[in-house]
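Scroll down for the structure; my scribbles are underneath it.
Treat the numbers as computed from the prediction; the structure is a model and nothing was measured. Lettering of chains follows the sequences in order, A, B, ..., and the numbering in each one begins at 1.
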2 protein chains.
Amino acid sequence: MAIEARPRRQAIEDVASTLFHERGYAATSVRDIARALDIRGASLYAHVASKEEVLWAIVDRAAGAFERAADEALAATSGSGAGKRLAELVRAHVRVITADPELASVFVHEWRHLAEPRREAILRRRDAYEAHFRNLIAEGRRAGEFDAVDSRLASTFILTALNGIATWYRPAGRVSAVELANRYADLALRSVGGVAHTETSR
Amino acid sequence: MAIEARPRRQAIEDVASTLFHERGYAATSVRDIARALDIRGASLYAHVASKEEVLWAIVDRAAGAFERAADEALAATSGSGAGKRLAELVRAHVRVITADPELASVFVHEWRHLAEPRREAILRRRDAYEAHFRNLIAEGRRAGEFDAVDSRLASTFILTALNGIATWYRPAGRVSAVELANRYADLALRSVGGVAHTETSR
DNA sequence: CCTACCGATCGGTAGG
DNA sequence: CCTACCGATCGGTAGG
């Protein structure tokens, strides 16, 4: 007997990711999600408690993916200089996005449709995540590896540039995921006055 | 007899900008806009043809502001090197955002809710605008002013970082609009290997 | 997972 | 700019 490989719940989240990415959470109805799965709108509620719960599942999963990737990148480069660590952090972030751009896009753009206390919880996790970038930039600056940038401004500059990838990246595009991670790491590193490693310098 | 200084139509667009920025176009109802103006939802239609027409008015106005600012920045620096011109282009872009972050935010995030042919028209204008950045980066690269970056990737990196400002900037914040324009110009310039002028280098 | 249905709200129109 | 109203659709529930 063939068992559905991917549980229904996961299929719902995948379809919702796609639709939330394409049209946004508010412009996507529960019936839109159901239609994509060839079931009735009301049947969705056998698997999920509410539309917002689906959004939360997606946002929480994405947040977890970013957090894990950052922890790994930092653990793998502990003891290295700030430049090398920041480059690896950037690459890890880009990899999470290119691995599932729709998931990342919903995380980046639709979290504000969460109700409290989930909204607040995500804001806190985002800030903790950004702090990795902020601290590394401040550290590199103190060590003389970077220019005298404002670490808060610079980390925001870099992170919003990275998150933009979720909006336009398509796996079949001109630039591969690996190439993109390297190029973006170089752009980010240089922006704070660090040394880019991937590209040949001028 | 006191005549309303700001015509009703303008007040509608201002209120709509605020709400579209805060909750998004799809999550804002015509009645929400009316309520903020202390009139009934149906009364709005004495001044506008549709909800989408209001979105279009906002998006079109924002696009015009960006286009004018870029044209001026390029005209004012004609004959200068690519680095100087790109820095001025970045400053102009940031200034448009800080002058009216809500307007800019709706332009950046909500244009996709436009129906054809407006949606397509805005996409074309966005691409023409981005070309200014792209071309300047390619030029600076050829001139040996910048590193060997991919001009398409680098212009996207920079522009998405700049547009992020519309999401978080508040006039009462830590960093003034002028300071922000200068710091972001430096970050952008350095990201392509150009020389930052505003900050003291390491 | 279905049918049948709920009250609320949506964008918008008619006719003053 | 109002009241009164339109058909369509919304998220969600009851009861199989």
Side-chain angles (χ1 to χ4, degrees), chain A residues 1-59 106 110-119, chain B residues 1-59 106 110-119:
Chain A
M1 49 196 168
I3 291 168
E4 244 291 11
R6 187 180 53 167
R8 208 51 162 162
R9 170 67 193 232
Q10 186 59 48
I12 291 170
E13 290 177 21
D14 287 351
V15 158
S17 268
T18 303
L19 293 175
F20 293 168
H21 164 66
E22 280 172 10
R23 329 175 178 173
Y25 175 77
T28 302
S29 74
V30 165
R31 284 162 180 85
D32 290 335
I33 299 170
R35 192 176 308 118
L37 295 161
D38 240 326
I39 59 175
R40 305 285 157 172
S43 305
L44 269 181
Y45 289 89
H47 303 98
V48 303
S50 68
K51 185 186 170 189
E52 195 221 341
E53 193 209 63
V54 177
L55 175 60
W56 169 250
I58 295 167
V59 168
V106 173
E110 309 298 332
W111 61 268
R112 60 183 176 153
H113 292 107
L114 290 169
E116 300 302 354
R118 286 165 167 172
R119 192 186 148 112
Chain B
M1 51 198 169
I3 291 168
E4 244 290 11
R6 187 181 54 167
R8 208 52 163 162
R9 170 65 194 234
Q10 185 60 48
I12 292 170
E13 290 176 21
D14 288 352
V15 159
S17 269
T18 303
L19 294 174
F20 292 169
H21 164 66
E22 280 172 12
R23 331 178 178 172
Y25 176 76
T28 302
S29 75
V30 165
R31 282 163 181 85
D32 290 334
I33 299 170
R35 191 176 308 120
L37 294 161
D38 240 325
I39 60 175
R40 305 284 157 171
S43 305
L44 268 181
Y45 290 89
H47 304 99
V48 303
S50 67
K51 185 186 171 189
E52 194 221 342
E53 194 208 63
V54 177
L55 175 60
W56 169 249
I58 295 167
V59 168
V106 174
E110 308 298 331
W111 62 268
R112 61 183 176 154
H113 291 108
L114 290 168
E116 301 300 355
R118 285 165 166 170
R119 192 186 147 112

**Study point:** Check: B:I39 and B:R8 side chains under 4.5 Å, non-hydrogen atoms
**Key:** yes

Exercise for review: Output yes when a side-chain donor or acceptor of B:R119 lies under 3.5 Å from a complementary backbone atom of B:L114, and no otherwise.
Suggested key: no

Study note, to complete from the structure: The correct set of residues in residues 24-40 of chain B placing a heavy atom under 4.0 Å from DNA chain C is B:T28, B:S29, B:V30, B:R31

Point to revise | Residues that B:H113 engages under ring pair (Phe, Tyr, Trp, His ring centres under 6.0 Å), provided they are two or more places apart | key: B:Y25

Review point. What is the distance from atom CG of B:L19 to atom CG of B:D14, rounded to the nearest 0.5 Å?
Key: 11.0 Å

Check your understanding: Which atoms form the tightest heavy-atom contact between B:S17 and B:V106, and what is the distance?
Key -> O-CG2, 3.6 Å

Exercise for review: Of all the heavy-atom pairs spanning A:V30 and A:G41, show the shortest one and how long it is.
Suggested key: CG1-O, 3.8 Å

Check your understanding: Restricting to pairs with a member in residues 40-56 of chain A, which pass side-chain hydrogen bond (donor to acceptor under 3.5 Å, both in side chains), not counting sequence neighbours?
Key -> A:R9-A:E53

Check your understanding: Is the closest side-chain donor-acceptor distance between B:S29 and B:D32 under 3.5 Å?
Key -> yes

Review point. Using a heavy-atom distance cut-off of less than 4.0 Å, which residues of residues 50-59 of chain B contact DNA chain C?
Key: B:S50, B:K51

Study note, to complete from the structure: In the 5' to 3' direction, the nucleotides of DNA chain D bounding the stretch that comes under 4.0 Å of a heavy atom in chain B are D:dC1 to D:dA4

Exercise for review: Name all stems that contain residues of DNA chain D, defined as runs of 3 or more consecutive Watson-Crick or G-U wobble pairs, both distances under 3.5 Å.
Suggested key: C:1-16 with D:1-16

**Study point:** Evaluation steps, side-chain contact (heavy atoms from CB on, under 4.5 Å), between B:I33 and B:F20
**Key:** CA-CA 10 Å; B:I33 299 170; B:F20 292 169; 4.1 Å; yes

Review point. Are B:L44 and B:L37 close enough that some pair of their side-chain heavy atoms sits under 4.5 Å apart?
Key: yes

Check your understanding: Do B:L55 and B:E110 have side chains that get closer than 4.5 Å, going by heavy atoms?
Key -> yes

